[in-house]
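What follows is a short report on a single structure.
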2 protein chains.
Amino acid sequence: MIGQSYLSPEPNADTKSLMKSSEPPLQKIDKAPQTLRDIVQDRLREAIIDGRFAPGQRLVERPLCDQLGVSRTVIRETIRFLEAEGLVEILPNRGPVVSTLDWAQAKQIYDVRLLLEGAAAATCAQRHGQNFAPELDRALNYIKTAMGDTEWANLLQATTRFYELIFKEAGHIVAWEIVQRLNGRISRLRALTLSTRSRDGKGLKQLTAIHDAILSRDPNAALQAVETHITAAATAAQGFLKDAKAGLGKDLQL
Amino acid sequence: MIGQSYLSPEPNADTKSLMKSSEPPLQKIDKAPQTLRDIVQDRLREAIIDGRFAPGQRLVERPLCDQLGVSRTVIRETIRFLEAEGLVEILPNRGPVVSTLDWAQAKQIYDVRLLLEGAAAATCAQRHGQNFAPELDRALNYIKTAMGDTEWANLLQATTRFYELIFKEAGHIVAWEIVQRLNGRISRLRALTLSTRSRDGKGLKQLTAIHDAILSRDPNAALQAVETHITAAATAAQGFLKDAKAGLGKDLQL
DNA sequence: TATCATAGTATGGTATACCATATTACCAAT
DNA sequence: ATTGGTAATATGGTATACCATACTATGATA
């Protein structure tokens with residue numbers, strides 16, 4: 001999430017022509033000293049989202065310390081953060097576990113996404129600037145190529161990037177953060193639905209519809225396109241969760 | 001957020017007629033051993049929301065340890081949690097400060113609230129059960145009485161309760177959690193707008209309109225009512241933030 | 001007097017050790 | 001087989017020490 005450009009674009013490219021660059025004498029150095037916590041947070045979050053920690057699995061602190069080579073303090077702090085994000089739950093007297101998901105929650109998450117993504121697409125359709133079209137094209141093409149990929153993480157990232165563009169262009173930063181957090185909680189579900197839906201061409205077709213509606217500056221069409229896309233995704237997801245529930249009795253698997 | 005009903009509703013009401021109560025012989029004791037962190041979290045969150053810690057104010061760890069009588073670990077973990085909630089920001093090499101708010105963010109928060117609360121009200125209008133009407137009546141009455149109160153916290157809590165009822169009845173738990181978190185970030189703004197808007201009668205009138213639309217099972221009217229209510233609140237809020245900005249040059253004050 | 005340098009202080013970041021408690025598993029005794 | 005106890009494990013909570021950095025104040029030098 002946070003880049004690692006500690007220094008200004010030109011670190012010290014001009015030692016001879018000092019004070020020659022006209023406008024800003026010196027750019028402020030906004031060092032973002034990537035703290036250990038941040039690294040561990042990203043690492044753990046990614047591991048959970050990628051499914052390397054299964055839902056329901058316990059996250060025992062000291063082993064995590066050994067694996068990541070950091071102290072307990074750091075681990076505990078990141079667990080607190082991920083708990084607030086909804087990726088981790090704390091069982092009383094048992095400690096943190098990877099959050100599980102049932103259909104009731106997933107359904108609500110898709111509902112909220114529907115509202116926020118629909119609004120973002122509509123706003124974006126009205127407001128997008130001139131250099132936005134090629135960017136959205138590129139994002140859509142990324143998705144197209146990622147569909148043939150075997151690595152589902154790429155496809156997930158590509159679609160995420162697609163929506164990120166839309167939200168950012170609409171100026172809906174807060175909403176995008178919310179959606180991202182929600183997506184973290186249904187990441188495994190998303191991976192499943194995306195990979196299956198990429199086999200039939202429907203998923204891509206729906207995303208293309210969103211793309212077209214936005215670029216033709218038709219807010220209502222954009223809203224509609226998002227609606228059909230998310231509804232389809234939710235339906236597919238429901239199938240998975242229902243299966244998992246039937247198979248195991250608990251909803252731990254997804 | 002978490003109740004403190006450690007024990008079952010009926011602790012041991014029937015010692016004579018043991019095993020007589022037909023279905024559950026004994027209810028499971030779901031003890032929620034309120035951990036130190038939870039207490040400190042609630043305490044600090046409340047302090048920030050109440051404004052006892054001003055926005056931009058530094059939250060120095062060791063003094064907080066002394067004030068609350070807990071160790072640094074606990075303090076740091078709660079700060080991580082509140083950071084994820086958006087109530088606290090971490091300045092590099094300076095440590096945590098209470099988050100500040102500018103109008104760009106506040107506007108977006110009101111936008112998201114508009115979407116989520118509108119949807120909840122509409123759904124609630126369709127689905128609310130039979131014993132819901134008196135509850136909503138009661139909530140509205142609470143607001144009415146709280147308007148005469150000098151303690152603005154009561155009014156804030158009353159309106160929160162009003163919306164909570166709507167969200168819960170609509171089954172939008174996830175959305176409600178999101179809205180609550182957003183409300184935390186604009187709590188001082190809400191307090192200001194609520195108190196000023198309670199002097200003219202408009203705020204109450206708008207809430208009554210929501211109440212009526214829901215109880216008459218008219219989703220569109222409910223959506224409309226929420227829209228006017230939040231739009232008005234946002235406009236009032238904008239006035240405050242603009243003032244603060246003009247007065248101070250920075251947006252630290254709110 | 002003005003500037004520079006140095007030391008001191010405060011704070012965040014990290015690591016480690018310790019204790020109390022709750023849970024679990026295992027083992028022994030009846 | 002059920003009961004009871006004990007040890008192991010893991011967590012919550014605490015305390016402490018160490019280092020790096022930022023800010024501050026003091027003093028020395030030009």
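Source: prediction; values computed, not measured. Chain letters run A, B, ... following the sequence lines, proteins first and then strands; every chain starts at 1.
Remark: B/Glu46 pairs with no residue by the salt bridge (charged side-chain N to carboxylate O under 4.0 Å, His left out) rule, at least two apart or across chains. Residues forming a ring-ring contact (aromatic ring centres under 6.0 Å, His included) with A/Trp152 (at least two apart in sequence, or on another chain): none.
Listed by residue number, A/Arg76 are the residues of residues 75-84 of chain A with a heavy-atom contact under 4.0 Å to DNA chain D.
Rounded to whole Å, atom C1' of C/dT14 lies 14 Å from atom CG of A/Asp38. As rounded to whole Å, 16 Å separates atom P of D/dA10 from atom CD1 of A/Ile90. Rounded to an integer number of Å, the gap from CZ of A/Arg37 to P of C/dG12 is 11 Å. Atoms CG (A/Asp66) and P (D/dA10) sit 11 Å apart, rounded to a whole Å. As a whole-Å value, the separation of B/Leu36 CG from D/dG12 P is 12 Å.
A donor-acceptor contact shorter than 3.5 Å links the side chain of B/Glu169 to the backbone of B/Gly129.
A sub-4.0 Å separation between OP1 or OP2 of D/dT14 and a side-chain N or O of B/Ser71 is present. At the phosphate of D/dA10, neither OP1 nor OP2 sits under 4.0 Å from any side-chain N or O atom of A/Arg58.
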Return a table of donor-acceptor pairs under 3.5 angstrom between the side chains of residues 51-59 of chain B and protein atoms on other chains or two or more places apart.
unit_1, atom_1, unit_2, atom_2, d
B/Arg52, NH1, B/Asp50, OD2, 3.3
B/Gln57, OE1, B/Ala54, N, 3.0
B/Arg58, NH2, B/Arg94, O, 3.0

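Between C/dG12, D/dT11, D/dT14, one nucleotide has an atom nearer to the side chain of B/Pro96 than all others, and that is C/dG12. In the set D/dT14, C/dA15, D/dT11, D/dT14 carries the atom at the smallest distance from any side-chain atom of B/Val70.
Under the side chain to side chain donor-acceptor pair (under 3.5 Å) rule, B/Asp111 has a single partner from B/Arg113, B/Gln108, B/Lys107, which is B/Lys107.
Remark on DNA chain C: of its neighbouring residues B/Thr73 and B/Glu61, the 5'-side contact belongs to B/Glu61, judged by nearest-heavy-atom nucleotide.
Between B/Asn183 and B/Arg190 the shortest side-chain heavy-atom distance falls below 4.5 Å. Contact annotation: the side chain of B/Trp176 approaches that of B/Val179 to within less than 4.5 Å [non-hydrogen atoms, C-beta and beyond].
Other residues, nucleotides and ligands contribute over 12 non-hydrogen atoms within 6.0 Å of the CZ atom of B/Phe132.
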Listing time: all N or O pairs from protein to nucleotides 17-20 of chain D that are below 3.5 Å?
none

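For residues 63-79 of chain B, the side-chain hydrogen bond (donor to acceptor under 3.5 Å, both in side chains) pairs, not counting sequence neighbours, are A/Arg76-B/Glu77, A/Glu77-B/Arg76, A/Arg80-B/Glu77, B/Glu61-B/Arg72, B/Glu61-B/Arg76.
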